[in-house]
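All remarks here apply to the structure that follows.
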Amino acid sequence: MQKEERKYLRLLAEKYPTRQSVCREIINRNAILNLPKGTEHFMSDLHGEYEAFYHILNNCSGVIKEKVDLLFGDIMSPAERQEICTLIYYPREKLRMLRKERELTPDWYRMLLNDLVEVAKLLSSKYTRSKVRKAMPEDFSYIIDELLHVQKDEDDNQVVYHKKIIDTILSIENADEFIVALAGLIKRLAVDHLHIVGDMFDRGASADKILDLLMSHHSLDIEWGNHDILWMGAAAGSKACIANVIRNNLRYQNTEILENGYGISLRHLTLFAIRHYTGENPIQKAWKAISVMMFKLEGNIIREHPEYEMESRLLLEKVDRERRVLVLDGREYAMKDAEFPTVDPEDPYRLTEEEWEIMKELKTDFLNSIRLQRHVRFLYEKGSMYRIYNENLLYHGCVPMDEEGNFQGVTMDGVTYQGKAYLDFADRVARRAFSGKKTAWDLDFMWYLWCGRLSPLCGRLLKTFERTYLLDEETWEEPKNPYYKFYEQERTCNMILREFGLYSGLSHIVNGHTPVLTGEGELPIRAGGKLLVIDGGFCSDYHKKTGIAGYTLIYNSHGLRIMAHQPFETIQKAMKDNLDIESESQLIETEKARVMVKDTDIGREICEHISDLERLLRGYRSGEIKERRIR
């Protein structure tokens, strides 16, 4: 035995001090390897749509309804089954509503509790008893554990025991709390791990509520989207990112998240806008004012960084205000608005003294918002530019490519990156930008990740200026990176997977960012099933465009299924009428053999640990490692 190996095994022996403790752990871990893998739930592009997100999180994209139908399809009506589902999704609220409508008798409670126990039993069957126990609410863990493991015996002692537990819960009027506990356990067991493939912010009004909810989730990861990185850059102190955040939320009239959610005051900006810009609506005036400040700040960054190759976006200097036209490449484009009261034609990207003061105040608010800083810190803790999980590659935007379908080389800070190396570089800079070691270069790059020409999160050339000011809608078209042409090909997707070290024929790319135009015949499954695009348009503004209200993905031990969801009305209506989101399941891939824990990332870690334990056991048996007596 080598010196380093002996040193490591002695450390391991601190946790497993005897041969028997090692044997017990090897047996336990081998047993875990042969359980079915847990269910993974993938969601993307939530865009502040809290109620739809909360409902799909509660119903686990239809997983719970499927289990209820499986158990009770032959003995309950559809209405009865749906009421059970609603009680699982929203137990406190639904119970309160039912009590106002009718008397909830002991028999009703008894039946409901028994039904919920059966659902929990079914969902717990693919986990170890230890893992299920850890998932239980602490106050009820012993009782739930007993109810889940009742076994029928010849004298029905266990059945009587089960009945007495339920009777006692009812007699002490603790049924409501127990129902809440069981519902929480069912939802936790239905999905083992959650993936959020980017873009929680903007458009919808309640990204802060979504993040509060995610922070309490038992197991998840996040792949940053361009809207997330924008808020992260703003929270790090980038003035250009701050201006974009303010502008986006004024555009979608989401000032509540700024002022009430994060304590960011728009008062100085609004008063400044009222003095300098025309119009009746103060919000519209503030939007005009922050737009001009944003284009100035962006212009300064573009001029500071020629490596960004974004000189084509320097458009303020090309405005002829008197004639209300933009002069671009020898052509003149009529402008719907040419109100630039603070722009100096001699130095169009210079902010006025008051504009600098406004941006300085806003930066202070973003840096000092305790709740925003907590949310962004969570995004850094759980998030990354991409993730490899159980042989699948997850990212929000793209891996930039050139017109030939090769990875595009991007030169940043004097070094050229492409493919995986570029995304790794972007991840490092994004983390540095939120640290005490951040530089002005890092903060500028956060803005580039939001909208840069070759940003892996944006994937297109934004035409914000044209969309804001020009009448000709042909100028609004935003050219996409060639990635979005080549990713339809299986060959390209295999090339990307290999770039990230994935050579298994079972690997897939899970991509968000670009809404799937289902109404126009687009499909979320592309490149022969190698690429899955799950942005179906959670945001209500997209519903007419996409034809649906979002895609989600389920990966369980039997295979992959993509779920297409119809629009969701409100949580209140869902509870009142026992409405669920109508979802259509499409099978992507069925595994020939059921996927077990041993086939997953966690399984590989367990196998490595078993190998170490076997080495320790050999050390004990050979006498090279001494057992320690436990007193």
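Values below: all heavy atoms of this structure, side chains included; hydrogens, waters and symmetry mates excluded.
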Residues forming a side-chain hydrogen bond (donor to acceptor under 3.5 Å, both in side chains) with [X], sequence neighbours excluded:
{"X": "E309", "result": "R453"}
{"X": "D192", "result": "K131"}
{"X": "Y484", "result": "none"}

query = Applying the side-chain contact (heavy atoms from CB on, under 4.5 Å) test to T255, which of N260, N249, I283 qualifies?
reply = I283
Check for a donor-acceptor pair, side chain of [X] on one end and backbone N or O of [Y] on the other, with a separation under 3.5 Å.
{"X": "D202", "Y": "V245", "value": "no"}
{"X": "K530", "Y": "S507", "value": "yes"}
{"X": "N254", "Y": "L250", "value": "no"}
{"X": "H193", "Y": "T39", "value": "no"}
{"X": "D228", "Y": "G225", "value": "yes"}

Measuring from [X]:[atom1] to [Y]:[atom2], what's the distance to the nearest 0.5 Å?
{"X": "H375", "Y": "M200", "atom1": "NE2", "atom2": "CE", "result": "10.5 Å"}
{"X": "T514", "Y": "Y483", "atom1": "OG1", "atom2": "OH", "result": "8.0 Å"}
{"X": "W287", "Y": "Y277", "atom1": "CH2", "atom2": "OH", "result": "11.0 Å"}
{"X": "L297", "Y": "Y349", "atom1": "CG", "atom2": "OH", "result": "12.0 Å"}
{"X": "S455", "Y": "N481", "atom1": "OG", "atom2": "CG", "result": "9.5 Å"}
{"X": "E357", "Y": "K360", "atom1": "CD", "atom2": "NZ", "result": "5.5 Å"}

task = Applying side chain to side chain donor-acceptor pair (under 3.5 Å), run through H513 and D45 and close with a yes or a no.
result = CA-CA 7 Å; H513 191 47; D45 295 86; 5.0 Å; no
Answer yes or no: is there an ion pair linking [X] with [Y], defined by an N-O contact shorter than 4.0 Å?
{"X": "E466", "Y": "R313", "answer": "yes"}
{"X": "K463", "Y": "E478", "answer": "no"}
{"X": "D442", "Y": "K437", "answer": "no"}
{"X": "K288", "Y": "D337", "answer": "yes"}

Report all side-chain donor-acceptor pairs from residues 403-416 shorter than 3.5 Å, counting only partners two or more places apart or in another chain.
residue: T411; atom: OG1; partner: T416; partner atom: OG1; Å: 2.8

Inspect the surroundings of [atom1] in [X] and state if more than 12 heavy atoms from other residues, nucleotides or ligands are less than 6.0 Å away.
{"X": "E311", "atom1": "CD", "value": "yes"}
{"X": "K382", "atom1": "NZ", "value": "no"}
{"X": "K209", "atom1": "NZ", "value": "no"}
{"X": "E256", "atom1": "CD", "value": "no"}

Parallel, tilted or perpendicular, as decided by the 30° and 60° cut-offs, for the rings of [Y] and [X]:
{"X": "F500", "Y": "Y386", "answer": "perpendicular"}
{"X": "Y54", "Y": "Y50", "answer": "parallel"}
{"X": "W224", "Y": "Y380", "answer": "perpendicular"}

ask   = Does the salt bridge (Lys or Arg N to Asp or Glu O under 4.0 Å) test come out yes or no for K420 and D424, once each step is laid out?
value = CA-CA 6 Å; K420 179 180 180 293; D424 287 336; 2.8 Å; yes
task = Flag the pair F340 / F295 as yes when their ring centroid distance falls below 6.0 Å, and as no otherwise.
result =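 No; F295 has its ring centre 6.0 Å or more from that of F340.
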request  = Determine, using ring centers only, whether F272 and H268 are less than 6.0 Å apart.
outcome  = no
With distance as the sole criterion, is a donor-acceptor pair present between the side chains of [X] and [Y] under 3.5 Å?
{"X": "R498", "Y": "Y503", "result": "no"}
{"X": "D199", "Y": "H396", "result": "yes"}
{"X": "T342", "Y": "H276", "result": "no"}
{"X": "H195", "Y": "E223", "result": "no"}

message = ring pair (Phe, Tyr, Trp, His ring centres under 6.0 Å), that's the test. Do Y448 and F445 meet it? Break it down for me.
response = CA-CA 5 Å; Y448 182 86; F445 189 70; 5.8 Å; yes
query = salt bridge (charged side-chain N to carboxylate O under 4.0 Å, His left out) with D472: which residues, sequence neighbours excluded?
reply =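 For D472 there are no salt bridge (charged side-chain N to carboxylate O under 4.0 Å, His left out) partners, ignoring immediate neighbours.
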message = Just to verify, what does E391 make a salt bridge (charged side-chain N to carboxylate O under 4.0 Å, His left out) with, not counting sequence neighbours?
response =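 R604.
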query = Does a side-chain heavy-atom distance below 4.5 Å link T468 with W476?
reply = no
inquiry  = A side-chain contact here means heavy atoms from C-beta on lying under 4.5 Å apart; do R431 and S384 qualify?
reply    =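 Result yes, sub-4.5 Å side-chain heavy-atom pair found.
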